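A short write-up of the structure that comes next.
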Amino acid sequence: EVQLVESGGGLVKPGGSLRLSCAASGFTFSNAWMSWVRQAPGKGLEWVGHIKSKTDGGTTDYAAPVKGRFTISRDDSKNTLYLQMNSLKTEDTAVYYCATLGVDYWGQGTLVTVSS
Amino acid sequence: DIQMTQSPSSLSASVGDRVTITCRASQDIGIDLGWYQQKPGKAPKRLIYAASSLQSGVPSRFSGSGSGTEFTLTISSLQPEDFATYYCLQHNSYPRTFGQGTKVEIK
């Protein structure tokens, strides 16, 4: 059974940092392009960024609102995806999903709240 | 960036109705488009990939069409479990972009 389990969400003050993790199982994680997608409360879906598989170069791409503040990385030995979020803003408040958009596997999401 | 303009933003329909949702891309994306269904508190689920291919396990009442800049998702006969929010997503170029969503409500 495929599972993507996010963790690391919580309450953080503006300007703070947080690292999300996404533990994958049930598929060949090292071959997958992995994405982060977020959804602010009551709003639509927003693509945050992704990381290619190492065999495809392991490169990352980001949406403009997070570029320079967020970093996506992966540890294929641990089947885990990460999202390092720095300089957080109130508008980063959202449920963050990890996903493999190519084959449509999604986690359950983890809530990040940025508030003073 | 490619903008995805989805319409309508919401609609009310009855069980059995035919429903059509449209996404328009700001530039040619070929068939690099998927349609997603999301229910409250749940992760999205893809219904259609490559603009018109039905995802495995998805009922055949869902269909997609279009290419280039104009795309449609059609539900041929709306069922109670179809009341949800629907999104398109282009994966032709970076950044990937979603449409704004269409909330399908019970009339």
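Residue numbers begin at 1 in each chain, while the letters A, B, ... track the order of the sequences. Not measured: the values here are computed from a predicted model.
If you measure heavy-atom distances from V103(A) to chain B, the contacts under 4.5 Å come from the backbone alone. Contacts of K43(A) with chain B are made by backbone atoms alone, with heavy-atom separations under 4.5 Å and no side-chain atom involved. Contacts of P40(B) with chain A are absent, with no heavy-atom separation under 4.5 Å from either backbone or side chain.
Surrounding CZ of R24(B) are at most 12 heavy atoms belonging to other residues, nucleotides or ligands under 6.0 Å away. Heavy-atom contacts from other residues, nucleotides or ligands closer than 6.0 Å to NZ of K39(B) number more than 12.
Residues K42(B) and Q108(A) have side chains not in contact (no heavy-atom distance under 4.5 Å, counting atoms from C-beta outward). When side chains are defined from C-beta on, Y36(B) does not count as touching V37(A), because their heavy atoms never get closer than 4.5 Å.
A distance of 4.5 Å separates CD of Q39(A) from OH of Y87(B), quoted to the nearest 0.5 Å.
The minimum heavy-atom distance linking Y94(B) with K52(A) is given by the pair OH-CE, 3.9 Å. Closest heavy-atom contact between K45(B) and D104(A): C-OD2, 3.8 Å.
No single ILVMFWY cluster, assembled from side-chain heavy atoms under 4.5 Å apart, contains both I2(B) and L89(B). Residues V95(A) and L83(A) do not share a hydrophobic cluster, clusters being chains of Ile/Leu/Val/Met/Phe/Trp/Tyr side chains in contact below 4.5 Å. No continuous path of ILVMFWY side-chain contacts below 4.5 Å connects W33(A) to F27(A), so the two sit in separate hydrophobic clusters. Connection of Y82(A) to Y96(A) is not established within any shared hydrophobic cluster, with ILVMFWY side chains joined at heavy-atom distances below 4.5 Å, either directly or through further cluster members. Both W35(B) and F62(B) belong to a common hydrophobic cluster when Ile, Leu, Val, Met, Phe, Trp and Tyr are linked at side-chain heavy-atom distances under 4.5 angstrom.
Taking chain B as the reference chain and counting heavy-atom pairs below 4.5 Å, the highest number among A63(A), A99(A), G102(A) is found for G102(A). For the set W47(A), Y105(A), W106(A), Y62(A), the entry with the most heavy-atom pairs within less than 4.5 Å of chain B is W47(A). Options R46(B), H91(B), Q100(B) differ in how many heavy-atom pairs under 4.5 Å they form with chain A, and the most are formed by R46(B). Top candidate by heavy-atom pairs under 4.5 Å with chain B, chosen from L45(A), V48(A), D61(A), is L45(A).
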